[in-house]
Each structure stands twice: as C-alpha cells, then as structure tokens.
Amino acid sequence: MSEKANIGVVGLAVMGSNLARNLASREGNRVAVYNRSVERTELLVNEHPEANFIAAQTIDEFVASLAKPRTAIIMVQAGAGTDAVINQLAERFEPGDIIVDGGNALFTDTIRREKEVSAKGINFVGAGISGGEEGALKGPSIMPGGSAEAYKTLGPILASIAAVAEGEPCVTHVGTDGAGHFVKMIHNGIEYADMQLIAEAYDILRQAGNYTPAEVAEIFGEWNKGDLESFLIEITAEVLKQVDAKTGKPFVDVVLDQAGSKGTGVWTVQTSLNLGVPVSGIAEAVFARSLSSQATQRAAAGNLPSHATKWEVADKKAFVEAVRKALYASKLVAYAQGFDAIRAGAKEYNWEIDLGAVSKIWRGGCIIRAQFLNRIADAYAQNPSLESLILDPYFTNAVAEAVGAWREVVAKASLAGIPVPAFASSLSYYDGLRSPRLPAALVQGQRDFFGAHTYKRVDLPGVFHTLWSGDRSEIETTPSSH
Ligand code: 6PG
C-alpha cells in the first residue's frame, strides 16, 4: 500500500467521521482526515486507532497526504462553509484531481461550483449521501453527479462503502454536474411525504381507532411485514414504543408537536413548481410541518368550531386495513410525483438520468429504503419510459385494490375533523390524473375573459379569444404572451 491516502475527508462532524471510518474499514483504502478544528481530528483518530487514517493538521498537510489523482470528500454544512473548503482545495489541487461535496447542497449551487472548479481542470462532484449517521458508517445510498471521468476514479471507492441491495451497491453515476444533488433533493422530498403519510395514518389510528401509541407500534410492526415494509415504518414503530422516563408517558406525547426542517423539502417543492410538476403530496408534507410550527396561530384558533362527527369504528380489523391501504396508495402517489420531478429536472438541465437505476440505489442505505423500491425498479425495468409510476400494471392493480378504502379513509377523516392533508391531496391528485375532463377548461375561460389570455378548442386547431366585452363572438388569434 502506498504511503499516501487514496481518499480524504474534510469535515469531521458525525457524518464526516462516520464516512471516514466507513472508508477506512474497506480493504485498500487509506483515508486522509482533516477538520478546521484539530481537536475533532484528534478525537476521531484517537478513538479509532485501528483505522487506516492519516490525520492532517492543516489543509496543506491534508492535500500533501493525498495520492494522485487527489480525491477529497467534503462533509461540511451546506452553504458558505462548503464554498470556503472548495476554494481552499481548488487553490491547492491540480488538473485531474477530484473534489466531492457530500453534503446536502442545493443542486443549482452544485452546477455553479462545478462550472467554477472544472474551469481549472479539477473535477467537481456533487454527491447526495443518504442514510443518516448509521448509513454513513455502515453503508449509505450515494447519488453522485459530476463528470464520467471523475466517476472512473470515484465510482469504485463509493461502491466500496455504499449499502448493498439485492447484491448491488447502492450507488450509480446519476448524471453530470448537479444531477446527484438534484436526485438527493427529490429523495428528501419523498422522505418528507412518506413521513407525513405515516404520521397521518398514526393520527387516524389513534384518534378514530382509540389505539395507544404502543398499539399503533404493534400495527406498524405488522405492516412492516408486507407491502409497506420500510425503514421509516420500522423506526416509527420504535418511536411509538418509547416511554418517557421522566413522566412514564408515551414519548410521542411529551414531544412538542412542531416539526422542524432543514430545507431540502422546501427546495423540492420550489424546484418542482418552477418545473411545472405537481408534487402535491410532498408539498402538503412541507406545509404540514409549517402549519405545525405556527404556534401562535394554532393557539388562537384552538376553539374554532369543527362540526365534526365521531368516526364510529365498527370493525377494527377492517378499519386498520383501510388505513393501511390509504397509506400505501398515497405513498405511491408521492413516489410517482417525485420520479416525475426527476424526469422533468433531467429534461430541463440536460441530464440523462436512468430512473430505474435511481430506484435501485434507493433500495438500500437511504432513509426511504423500502420493499416498495423493488417494485418501482421492476416497473422501470419493464418500461424505462413509463409515463407515471401509477400507470405500471402492478401499481395500477395495487391502487385499484386500495382506492375504495382510500376514499373512505379520506372522507371519514374529513367528517371526523382529523387533518389528513397528504392523504387527501394524494387522492385528489389521483382523481385529477384519471379525469377525462377537468374544470381547467373553465379556468381557461376565466383567463380569457379578464385578460384575453386565449384558449384552445377541443374540436379545432389554433388559438382563440372570445370578445367578452363586445358581441361575444370568437376570433382566431395568436397565443397571448401575458
Ligand atoms: C438522509 C436524510 C438527511 C437528513 C434530512 C433531514 O437522506 O440521510 O434525508 O439528509 O436527515 O435532510 O431533513 P430535515 O431536517 O429537513 O427533516
């Protein structure tokens, strides 16, 4: 083994340290580690004397300890800190070297950084890394962008530390420049939707079914043996089982009900709005967190009338099964919308993203890993240009089996005054998608009335405007630009 390191990690907070340890644990890797404050570097190296680390005290030492092509993964907080480290490395690296940003960067920042860094001949790879602290240590799902050339060096290193699903490492070259961070962003948007949907299912089971958190944990444990098997269902059961040591109450009852976020869900929605892709389930999940955090408004609105009626649950088994089906169908919508956003992003930014490959690398390591991803991988294997996941025969059948229960759950929750924004919007999306006629025709009429925005007809080619303030006759015209 050469004296120098074949890979380096800058930024040794928990994610960076764990990733460095993961890298060092794989045969053939020697890992240079550097952190702005030396204490962290020393802590890592002292706690893991067995690991094949080279501890660098300065950025110059770090760069000098890397074998060529120098390859360094930056694991610092997204934003200005990332730019600062990139600049430090870019000043010292040589053409052909590789800088990897493994943080949750906004993909447009990654596109900008790639342009700046590659102008110097240095490769820049924005890589989404999912799986939290444990994933970083034991095997994350990795979504690298950047050039194909950089991936030649980087790919085998990343494959050595990634999770393995069905015998395949959970890493693929997603596409050029910001493609990796774009896909990671959508992963997080789906993560938000999945979490919110599970939370809504819990709320219904608790409020309408009168189950205790521990009983809901049991139900989720059962669900985790079937179609819904996933990391998020599994950990939700763990959270629901937890009892607060201080009060003896269920943990979930002593936690303030105001959900935080670090921004990737918001980015998914903002980006999808710009792309014109309806990610309504994801958006509702983001909004639900926002609403939960409007403490003053919520306190002021606490006594507003509801006119809700009690949800009489006659057959508990059937009730639980209906909620399960509603969750499954809504979850499918969230994934379908997320994959639509990836396809639209790829078109907009000229990336060749293989949706089937993305679904495969999400089968292990990442937060949204689930049995379900195998079905999605099958769907894209059968038809790589599938219009929507919902149109895959397997999923069409699954929704056909679930849709009755889905409607019942949304309707009854609504009558009972239980908020189900993600369940309801997913069902409305499904109904909108399958509707042969939408009231969008009326919206077009309204737009033409007040703004001469023009419309198309179902029976004739061309663009039309009605002279609403005149004799109301129709004229053929050119499309309005306003
Ligand atoms: C992952 C996670 C990770 C992080 C989320 C949390 O894939 O490992 O998505 O990136 O836990 O960003 O996001 P919020 O704090 O916004 O919920």
Side-chain angles (χ1 to χ4, degrees), residues 11 13-19 22 73-79 81-82 100-107 109-110 126-145 158 161-163 165 170-172 174 178 180-199 230-236 238-239 255-272 279 281-293 334-335 338 341-342 358-370 372-373 422:
V14 189
M15 287 292 286
S17 291
N18 283 1
L19 200 76
N22 185 353
I73 306 181
I74 302 173
M75 295 296 291
V76 304
Q77 197 125 54
T82 307
V100 183
D101 174 14
N104 265 334
L106 180 59
F107 75 97
D109 284 343
T110 304
I129 301 182
S130 177
E133 295 170 17
E134 190 171 312
L137 182 62
K138 295 184 179 158
S141 170
I142 311 177
M143 293 148 255
L158 297 182
I161 59 163
C170 294
V171 58
T172 189
V174 174
H181 276 141
F182 184 95
V183 165
K184 174 59 170 46
M185 174 187 75
I186 301 295
H187 164 283
N188 281 28
I190 294 173
E191 170 186 306
Y192 273 54
D194 214 341
M195 291 165 71
Q196 172 66 21
L197 291 167
I198 294 171
S230 63
F231 172 71
L232 284 171
I233 289 276
E234 184 190 324
I235 62 149
T236 306
E238 292 301 317
V239 173
V255 175
L256 193 67
D257 60 344
Q258 296 173 20
S261 76
K262 291 197 215 72
T264 48
V266 173
W267 292 345
T268 303
V269 179
Q270 286 171 331
T271 303
S272 302
V279 291
I282 298 170
E284 287 299 345
V286 174
F287 295 150
R289 290 195 193 185
S290 311
L291 174 64
S292 77
S293 299
Y335 280 70
I342 296 177
V358 170
S359 65
K360 283 185 169 184
I361 63 166
W362 285 351
R363 291 179 304 181
C366 65
I367 303 296
I368 64 170
R369 63 184 181 263
F372 190 68
L373 263 313

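Just so you know, ligand 1 is whichever comes first in the structure, and atom 1 is the first atom listed for that ligand. The basis for the numbers below is simple: all heavy atoms, side chains too, and nothing from hydrogens, waters or symmetry mates. Residue numbers count from 1 along this sequence.
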In this structure, does ligand 1 have an atom that sits under 4.0 Å from one of the heavy atoms of G265?
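No, G265 has no heavy atoms under 4.0 Å from ligand 1.
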
Can you tell me if G131 contacts ligand 1 (heavy atom of the residue under 4.0 Å from the ligand)?
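Checking ligand 1 against G131, which is what was asked, there is a heavy-atom contact under 4.0 Å.
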
Would you say [X]'s side chain and [Y]'s backbone share a donor-acceptor pair under 3.5 angstrom?
X	Y	value
N18	A136	no
S130	I367	yes
S292	A259	yes
R289	V286	no
S141	V171	no
H181	G103	yes

So is I129 polar-close to ligand 1, meaning N/O to N/O under 3.5 Å?
no

Under a 4.0 angstrom heavy-atom cut-off, which atoms of ligand 1 come close to I367?
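Ligand 1 atoms under the 4.0 Å threshold to I367: 1 (C), 2 (C), 7 (O), 8 (O).
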
Quick check on contacts: which atoms of ligand 1 are under 4.0 angstrom from a heavy atom of H187?
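Every atom of ligand 1 under 4.0 Å from some heavy atom of H187: 7 (O).
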
Nearest heavy atom to atom 1 (C) of ligand 1 wins, so pick from G128, G103, S130.
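Going through G128, G103, S130 one by one, S130 has the nearest heavy atom to atom 1 (C) of ligand 1.
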
Among K184, E133, K262, which one puts a heavy atom closest to atom 3 (C) of ligand 1?
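Minimum heavy-atom distance to atom 3 (C) of ligand 1 goes to K184.
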
Would you mind checking which non-hydrogen protein atom is closest to [atom], with the distance to 0.1 Å?
atom	result
atom 17 (O) of ligand 1	R289 NH1, 2.8 Å
atom 12 (O) of ligand 1	N188 ND2, 3.2 Å
atom 16 (O) of ligand 1	Y192 OH, 2.4 Å
atom 11 (O) of ligand 1	E191 OE2, 4.4 Å

Over all heavy atoms of both residues, which pair between V76 and G11 is shortest? Give the atoms and the distance, please.
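Nearest heavy atoms, V76 then G11: CG1-CA, 3.8 Å.
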
